[in-house]
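The next block holds one structure in the form of structure tokens; read it before the comments.
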Amino acid sequence: MNLDFDAVQEVLNTHVAPQLALHGGGVKLCSISPEGDIRVAFKGACATCPSMTETMDALVEGQLRAAFPDIPFNLILVWDTDEELLQEARDILRKFGSRSQEITHHP
């Protein structure tokens, strides 16, 4: 297996996402650099969980190291605003007559 976006995404979808979903969360693969920097963001409840560092180390990194034992990489947690969460906020504000169209996501 090569360290490409699709291969990493498959590991996350198969081995990480189901575990995080049990806790109301998820993981998003943001990018992979040519140098082997894998950037991921937690979603849902996992994005604010006090155990996110342990989850990152034990679950995410553990599964990726098992899948790619001979490929060096750095796993980097990034803070990302989920578009689904932003849309929910817009809907709530719209319901109460606020100017919700001004809420935008700037990655």
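Here the structure is a predicted model, which is why all the values come from computation and not from measurement.
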Validation row: L59, V27 side chains within 4.5 angstrom (heavy atoms): no
Minimum heavy-atom distance between Q63 and V11, given as atom pair plus value: O-CG1, 3.9 Å
To the closest 0.5 Å, what do you measure between CG (L77) and CZ (R39)? 11.0 Å
OG1 of T14 to CD of Q9, rounded to nearest 0.5 Å, is 9.5 Å
Residue pair C30 / V78: nearest heavy atoms and the distance that separates them: SG-CG2, 3.6 Å
Check L20 against C46 and note the closest heavy-atom contact, atom names and distance. CD2-SG, 3.7 Å
Answer with yes or no whether the hydrophobic clustering places I38 together with W79; edges join I, L, V, M, F, W, Y residues whose side-chain heavy atoms lie under 4.5 Å apart. yes
Atom pair OG1 (T55) and CD (Q19), whose distance is rounded to the nearest 0.5 Å: 10.5 Å
Could you walk me through whether M56 and V40 pass the side chain to side chain contact (heavy atoms under 4.5 Å, CB included) test, one step at a time? CA-CA 9 Å; M56 182 76 154; V40 299; 3.5 Å; yes
If you measure from CG on D57 to OG on S51, what distance do you get to the nearest 0.5 Å? 11.5 Å
Could you go through the side chain to side chain contact (heavy atoms under 4.5 Å, CB included) check for F73 and I32 one step at a time? CA-CA 9 Å; F73 64 84; I32 302 175; over 6 Å; no
In the structure I gave you, are the side-chain heavy atoms of V60 and L12 within less than 4.5 Å of one another anywhere? yes
Pairwise side-chain contact, E61 with L64, heavy-atom cut-off 4.5 Å (strictly under): no
Rounded to the nearest 0.5 Å, what's the gap from CD on E54 to CE on M52? Could you check? 10.0 Å
In Å, rounded to the nearest 0.5 Å, how long is the span from OG1 of T48 to NZ of K43? 14.0 Å
